[in-house]
Protein chains: 2
Amino acid sequence: MSTRDAIVEAADKLFYENGFDHTSFAHVAEAVGISRGNFYHHFKSKDEILEAVIDRRVSDRLAMLEQWDGVGETPQARLECFVRLLSTNREKIRRHGCPLGTLSSELAKLDHPLGPEAKRLFDLFRSWIRRQIEAFGRIEDADLLALQLLSMSQGATTLANVYPDEAILDLEIQRMLDWIADLTPKPTPQADQKEQS
Amino acid sequence: MSTRDAIVEAADKLFYENGFDHTSFAHVAEAVGISRGNFYHHFKSKDEILEAVIDRRVSDRLAMLEQWDGVGETPQARLECFVRLLSTNREKIRRHGCPLGTLSSELAKLDHPLGPEAKRLFDLFRSWIRRQIEAFGRIEDADLLALQLLSMSQGATTLANVYPDEAILDLEIQRMLDWIADLTPKPTPQADQKEQS
DNA sequence: GTCTATATCCAGATAGAC
DNA sequence: GTCTATCTGGATATAGAC
């Protein structure tokens, strides 16, 4: 692996664990095993490293979403991949929150020019979830429902970070799974007022 | 107002807008109109200012919750005060997120010793919401439902911060109001119409 | 490409005059 | 109680040797 990639990988991890602003070159240098001065052969500034980290996260998540596209037979099974991600990473989430949400929040507070770039990560999930929901046939409100699932995941990860010692994340995960199950089109047993035409 | 109070007030605002770590004494000094050196007559360290800011937020929210206790006739009306708070502060939320959630997230990333103190702010709302729900007669799951409402508010504020230009916060607020309405014990199951469309 | 050495700046914190 | 002046450390960033 190239030194550049090693820097981006270590910075990605440290930005997540300790925050972008709080992470210094000294921290990254120690993690990679190089000297501080060496950074500037690969990056002109700290912001350039942040940009590379965001790009790395984008391509990483993009690859993951494309892999999920090949999972299961139903959009429900694919949406469950998203929820399962929270379960798999529960320990990290409890300690450091959501890698997307916390970065976005921090850059917003710093009024950082790359804040809008972090939004791309959310857009990635937003549109992928929307496509799954559209596969249910719910075209009109697919985007709103996608935002709803994203909102649930952000609420779950934030609370799990506040109360790391409680089983809150698992409860929220179950709520999300139930929500996905309720998305499935089913014959309406009780009187339903709607379905115009 | 004493200089000490002025410092805490300005620090509270700046910590919220720009983050605790990123806010320097120079920023606070300029906002208050005093010199940097004067801080140390009132506080021994920056962490002491943070502690005072958290105490201020706690007593501030406590007073607000006590005021809400006198609002309306039903627990539903009181819970709506909580949701209305998001609506009233929508512009600040879009720009800086939730004052509780973002502080808690930042202190977790910094591994700051006062991180657990920030949790007190969540506990305040958690127990207040729980009491309102218990007033509905739902004793067993009141705490879980309180966490659910807190989770919704955190998801809503985080997404509103990510997508400040969209009307996402208002949609989430409506979802929360619907959720509160569904909490109300209903005599006739016929009147139950959920939005499963 | 990687290193050491250093420049520059700004942070938190201190000392002491008034 | 407030100020100015200063200490000290750590941050980003640069220069130049190897």
Side-chain angles (χ1 to χ4, degrees), chain A residues 1-56 102-103 106-115 117-118, chain B residues 1-56 102-103 106-115 117-118:
Chain A
M1 183 170 57
S2 70
T3 301
R4 189 196 148 95
D5 289 342
I7 291 174
V8 176
E9 183 179 8
D12 190 352
K13 179 169 155 38
L14 289 171
F15 288 178
Y16 173 47
E17 292 177 351
N18 308 120
F20 164 70
D21 199 50
H22 193 67
T23 300
S24 70
F25 283 1
H27 296 136
V28 184
E30 191 186 22
V32 179
I34 61 173
S35 70
R36 285 186 299 280
N38 195 1
F39 280 102
Y40 294 87
H41 178 73
H42 303 280
F43 301 95
K44 282 209 301 272
S45 67
K46 192 182 180 184
D47 284 355
E48 268 198 11
I49 299 184
L50 174 60
E51 195 169 13
V53 166
I54 293 176
D55 286 343
R56 178 191 151 93
T102 54
L103 177 65
E106 182 181 3
L107 296 185
K109 287 232 190 272
L110 299 181
D111 205 16
H112 196 283
L114 288 179
E117 282 299 300
Chain B
M1 184 170 56
S2 70
T3 301
R4 188 196 148 95
D5 289 342
I7 291 174
V8 176
E9 185 179 7
D12 190 352
K13 179 169 157 36
L14 289 171
F15 288 177
Y16 173 47
E17 291 177 353
N18 308 120
F20 164 70
D21 199 50
H22 193 67
T23 300
S24 70
F25 283 0
H27 296 136
V28 184
E30 191 186 22
V32 179
I34 60 173
S35 70
R36 284 187 300 281
N38 195 1
F39 280 104
Y40 294 87
H41 177 73
H42 302 280
F43 301 95
K44 282 209 302 271
S45 68
K46 191 182 182 185
D47 284 356
E48 268 197 10
I49 299 184
L50 174 61
E51 195 170 11
V53 165
I54 293 176
D55 285 344
R56 180 191 150 93
T102 55
L103 177 66
E106 182 182 4
L107 296 185
K109 287 231 190 274
L110 300 180
D111 205 16
H112 196 284
L114 288 179
E117 284 298 301

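Fair warning: this is a prediction, and the values are worked out from it, not measured in the lab. Numbers restart at 1 for each chain; the letters A, B, ... are given by sequence-line order, proteins then strands.
Here the closest heavy-atom approach between residue B:F15 and residue B:L50 is recorded as CE1-CA, 4.0 Å.
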query = Run the side chain to side chain contact (heavy atoms under 4.5 Å, CB included) check on B:L114 and B:L103 step by step: do they pass?
reply = CA-CA 11 Å; B:L114 288 179; B:L103 177 66; over 6 Å; no
request  = Step by step, work out the side chain to side chain donor-acceptor pair (under 3.5 Å) result for B:H112 and B:D47.
outcome  = CA-CA 9 Å; B:H112 196 284; B:D47 284 356; 2.8 Å; yes
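The span of DNA chain D lying next to chain A, judged by atoms under 4.0 Å from heavy atoms, is bounded 5' to 3' by D:dA11 to D:dT14.
Atom CZ in B:F39 sits about 18 Å away from atom C1' in C:dA15, given to the nearest Å.
Of the residues in residues 19-26 of chain A, those with a non-hydrogen atom less than 4.0 angstrom from any atom of DNA chain D are A:T23, A:S24, A:F25.
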Extract all donor-acceptor atom pairs below 3.5 Å that involve side chains of residues 25-43 of chain A and protein atoms in other chains or at least two apart in sequence.
from	atom 1	to	atom 2	distance (Å)
A:H27	ND1	A:S24	N	3.0
A:H27	ND1	A:S24	OG	3.2

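Remark: B:Y40 is not in phosphate contact with C:dT14, judged by side-chain N or O atoms under 4.0 Å from OP1 or OP2.
Nearer the 5' end of DNA chain D, as judged by each residue's closest nucleotide, is the contact made by A:H27, out of A:G37 and A:H27.
Rounded to the nearest 0.5 angstrom, A:I7 CD1 and A:D12 CG are separated by 13.5 Å. A:K13 contributes atom NZ, which lies 8.5 Å from atom CG of A:N18 (distance to the nearest 0.5 angstrom). The CD1 atom of A:I49 sits 12.5 Å away from the NZ atom of A:K44 when rounded to the nearest 0.5 Å.
Counting only distance, with no hydrogens or angles, the side chain of A:E106 and the backbone of A:F20 share a donor-acceptor pair below 3.5 Å.
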